[in-house]
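Owing to the predicted nature of the structure, the values given are computational and were not obtained by experimental measurement. Start at 1 with the first residue, then count along the sequence.
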Amino acid sequence: MTVGQARAWERRWPELGRLIGELPDGPLDLAGWFGREAPVLLEIGSGMGETTARLAAAAPELNYLAVEVYQPGLAQLLLRAEALGLANLRLLRGDAVDLLTRHIEPGTLAGMRIFFPDPWPKKRHHKRRLVQPDFIALAASRLAPGAVIHLATDWADYADQMLEVLSAEPRLRNQHDGWAPRPDWRPVTKFESRADEEGRISRDLMFVRVTD
């Protein structure tokens, strides 16, 4: 971490952050942690926090929960949260599957976002990709009816895989005919800009949780 990131970590992590591996057993007390009852939106893979901070700032009515494994990225997000004066953002470091399995109750999330997850581009590594049938089944089970799971990627074969996996999950329904139009409110990050320069088209997918 940079000096600034390390200082932000020391200042704000005790209040705004938790390690998933150190959470007490059972559901996470999100209302207590945020200090209010509000719909909870989970973002998996917040990276360096560029998108996360801006989206949390744009939706103060949400309790915005970001999950990431990369400590410098979380520290940078803390800096961004400080700069924007965010009160509705909390951070978790660790495995999102562990979080969803052990600490998020079924049918409770108001939404989920997974923007530009690691594409693991080599074919022999595709099994490491996050968006697989078992994971999407788990994710769908934690969404409340009517909640939307929104994914985006700039890797064509991963986009195809995402569309296939989400379309096969019976608790999800595509809100669009194939790809979703790119929403104006999703910020363009430097990584997405680079992908565009390299000729890779970013694709969005939005699926809604239907009732069982």
Could you tell me the separation between the [atom1] atom of [X] and the [atom2] atom of [Y], rounded to the nearest 0.5 Å?
X      : Y      : atom1 : atom2 : result
Gln5   : Gln76  : CD    : CD    : 5.0 Å
Leu65  : Arg18  : CG    : CZ    : 11.0 Å
Leu84  : Glu82  : CG    : CD    : 10.5 Å
Asn63  : Arg36  : CG    : CZ    : 4.5 Å
Leu205 : Asn174 : CG    : CG    : 6.5 Å
Leu62  : Leu89  : CG    : CG    : 11.5 Å

Would you say [X]'s side chain and [Y]'s backbone share a donor-acceptor pair under 3.5 angstrom?
X      : Y      : result
Glu105 : Pro27  : no
Ser141 : Leu138 : yes
Glu198 : Arg200 : no
Arg209 : Ala140 : yes
Asn88  : Glu61  : no
Arg142 : Ile104 : yes

Would you say [Y] ends up clustered with [X] if hydrophobic residues are merged whenever their side chains have heavy atoms under 4.5 Å apart, either directly or through other cluster members?
X      : Y      : result
Leu109 : Tyr64  : no
Val67  : Ile136 : yes
Leu74  : Ile44  : no
Ile149 : Phe116 : no
Leu41  : Met112 : no

Using the rule given for side-chain contact (heavy atoms from CB on, under 4.5 Å), can you reason through Ile201 versus Trp179, listing the C-alpha separation, both sets of side-chain angles and the distance that settles it, and then say yes or no?
CA-CA 12 Å; Ile201 299 172; Trp179 314 116; over 6 Å; no

Arg182/Val188 under side-chain contact (heavy atoms from CB on, under 4.5 Å): CA gap, chis, key distance, verdict:
CA-CA 10 Å; Arg182 191 198 187 286; Val188 179; 3.2 Å; yes

Examine Tyr158 together with His126 and report whether their ring centres are nearer than 6.0 Å.
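No - the distance between ring centres of Tyr158 and His126 does not fall below the 6.0 Å cut-off.
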
Mind listing the closest non-hydrogen atom pair of [X] and [Y] along with its distance?
X      : Y      : value
Ser46  : Leu77  : OG-CD2, 4.1 Å
Ala195 : Asp154 : CB-OD2, 3.1 Å
Ala147 : Ala110 : CB-O, 3.4 Å
Met162 : Pro117 : CE-CG, 3.6 Å
Met48  : Pro72  : CE-O, 4.1 Å

[Y] side chain reached by [X] side chain, heavy atoms, under 4.5 Å:
X      : Y      : result
Arg102 : Asp25  : yes
Leu100 : Phe135 : yes
Pro187 : Leu55  : yes
His150 : Arg186 : yes
Thr153 : Val131 : no
Ile20  : Asp95  : no
Thr108 : Leu30  : no

Between Phe115 and Trp185, how do the two ring planes meet: parallel, tilted or perpendicular, split at 30° and 60°?
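Plane angle between 30° and 60°, so tilted.
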
Tell me, which pairs form a ring-ring contact (aromatic ring centres under 6.0 Å, His included) where one or both residues lie in residues 1-51, sequence neighbours left out?
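Residue pairs passing ring-ring contact (aromatic ring centres under 6.0 Å, His included), neighbours aside: Trp9-Trp13.
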
Between Glu197 and Arg194, is a salt bridge (Lys or Arg N to Asp or Glu O under 4.0 Å) present by the stated rule, with each step listed?
CA-CA 5 Å; Glu197 291 170 1; Arg194 185 185 308 157; over 6 Å; no

Just do the side-chain contact (heavy atoms from CB on, under 4.5 Å) check on Leu91 and Thr52 with the steps written out, would you?
CA-CA 10 Å; Leu91 285 57; Thr52 308; over 6 Å; no

Cationic N near anionic O, under 4.0 Å, Arg7 to Glu10:
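Salt bridge between Arg7 and Glu10, a charged N being under 4.0 Å from a carboxylate O: no.
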
Kindly state each residue pair satisfying side chain to side chain donor-acceptor pair (under 3.5 Å) with at least one member in residues 159-170, sequence neighbours excluded.
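Checked against side chain to side chain donor-acceptor pair (under 3.5 Å) - neighbours excluded - the pairs reaching residues 159-170 are Arg129-Gln161, Glu169-Arg171.
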
Distance-only side-chain donor-acceptor flag, Thr189 / Glu50, under 3.5 Å
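There is no such pair (donor and acceptor under 3.5 Å, judged by atom type) between the side chains of Thr189 and Glu50.
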
Between Thr51 and Glu192, is the side-chain contact (heavy atoms from CB on, under 4.5 Å) condition met? List the steps.
CA-CA 11 Å; Thr51 294; Glu192 186 175 0; over 6 Å; no

